[in-house]
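Input: a single structure, listed below in structure tokens.
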Amino acid sequence: ADHLITMKLHSDQEQGFFPGPWDNLYARYALIPRIKKEGLENMSLVAPDRGGMPRAIAWAKRLGAENVAMVYKERDIKLNGTSESLFIVGDPAGCDAIIVDDILAGGKTLGDSAEFLRKLKARRIYAAITHGLFLGNALENLANSPIEKIFVTDTVAHRQKVVDHPKVEIVSVAPLLAEAIKRIHLGESLSTDLFL
């Protein structure tokens with residue numbers, strides 16, 4: 001391989017381990033057009049932890065949302081790494097809240113954030129996730145959460161149970177990858193917004 005294209009690496013530092021060109025794309029270019037079709041109003045883009053704040057801000061800019069919030073949680077390493085949501089920075093009350101994250105593994109962080117948003121009177125709660133792994137009891141736990149819809153990409157092959165779940169909608173990144181490959185082949189820039 002002499003050129004790599006990836007979709008939202010969990011850690012950008014990984015790009016240092018390949019000697020050739022490496023383009024790391026962002027799933028928001030596939031997810032945002034779909035979310036716009038929901039007709040959400042007074043949106044609040046929510047980071048489920050401190051590390052996700054730059055992502056929430058980037059989404060807010062592209063959706064024209066003025067409200068950004070962050071769930072602050074503490075992780076107790078001594079007690080098997082569990083975390084607890086403590087408070088929120090920002091005011092999602094009365095907003096259509098969209099929790100944005102790169103990975104959904106067991107769903108605990110996402111579920112806790114949604115419960116916190118409900119307590120703070122968010123109007124409707126959605127989630128937009130790049131890589132939906134849905135490990136363990138994630139689907140069952142999220143089925144009982146206040147999240148109305150979880151948008152995930154097809155960057156992983158989803159089990160039929162995930163595909164059929166009423167709260168999950170899978171958005172394809174194929175058009176985004178195709179556009180990126182075309183631009184690379186033609187020597188065009190990837191730095192401009194691809195679909196927005």
Heavy-atom pair of closest approach, residues [X] and [Y]:
X	Y	value
Val152	Gly132	CG1-CA, 4.2 Å
Ala30	Val173	CB-CG1, 4.1 Å
Ile99	Ser113	CD1-CB, 4.0 Å
Gly94	Asn42	O-ND2, 3.6 Å
Ala138	Gly107	CB-N, 4.2 Å
Leu142	Lys167	O-NZ, 3.2 Å

Requested in this report: Evaluate the criterion side-chain contact (heavy atoms from CB on, under 4.5 Å) for residue pair Ile98 and Val100; output intermediate values, then yes/no.
Outcome: CA-CA 6 Å; Ile98 306 168; Val100 293; 4.0 Å; yes
Check whether any side-chain N or O of [X] sits under 3.5 Å from a backbone N or O of [Y] as a donor-acceptor pair, and report yes or no.
X	Y	value
Arg62	Ala58	yes
Arg123	Asp96	no
Asn67	Cys95	no
His131	Lys8	yes

Single-linkage hydrophobic cluster, 4.5 Å side-chain cutoff, [X] and [Y] together:
X	Y	result
Leu63	Phe151	yes
Tyr26	Ile181	yes
Leu45	Leu40	yes
Leu133	Ile150	no
Ile57	Met70	yes

Query raised in the report: Does the side-chain contact (heavy atoms from CB on, under 4.5 Å) test come out yes or no for Ile147 and Tyr126, once each step is laid out?
Result: CA-CA 5 Å; Ile147 298 173; Tyr126 294 81; 5.5 Å; no
Report task. Output, in order, the C-alpha distance, side-chain angles, deciding distance and verdict of side-chain contact (heavy atoms from CB on, under 4.5 Å) for His158 and Val168. Result -> CA-CA 11 Å; His158 294 288; Val168 176; over 6 Å; no
Side chain proximity check, [X] to [Y], heavy atoms < 4.5 angstrom:
X	Y	answer
Asp101	Leu110	no
Tyr72	Asp49	no
Asp112	Val71	no

Interatomic spacing from [atom1] in [X] to [atom2] in [Y] - rounded to 0.5 Å:
X	Y	atom1	atom2	result
Ser172	Asp154	OG	CG	4.0 Å
Leu135	Lys108	CG	NZ	15.0 Å
Leu117	Arg124	CG	CZ	14.0 Å
Phe18	His3	CZ	NE2	8.0 Å
Phe134	Leu139	CZ	CG	5.5 Å
Ile184	Leu190	CD1	CG	5.0 Å

Report task. Answer yes when Glu179 and Arg183 have at least one side-chain N-carboxylate O distance shorter than 4.0 Å, and no when they do not. Result -> yes
**Report entry** Ion pair Glu140/Lys161, N-O distance below 4.0 Å
**Finding:** yes
Requested in this report: Kindly indicate, with the supporting measurements, whether the criterion side-chain contact (heavy atoms from CB on, under 4.5 Å) is fulfilled by Thr153 and Leu31.
Outcome: CA-CA 8 Å; Thr153 71; Leu31 291 166; 4.0 Å; yes
**Report entry** Option from Asp23, Asn24, Thr155 for which side chain to side chain donor-acceptor pair (under 3.5 Å) with Thr6 holds
**Finding:** Asn24
Query raised in the report: Just wondering, are more than 12 heavy atoms of other shown residues or ligands nearer than 6.0 Å to CD in Glu66?
Result: no
Requested in this report: Examine the side chains of Thr130 and Asp102 and answer whether a donor and an acceptor come within less than 3.5 Å of each other.
Outcome: no
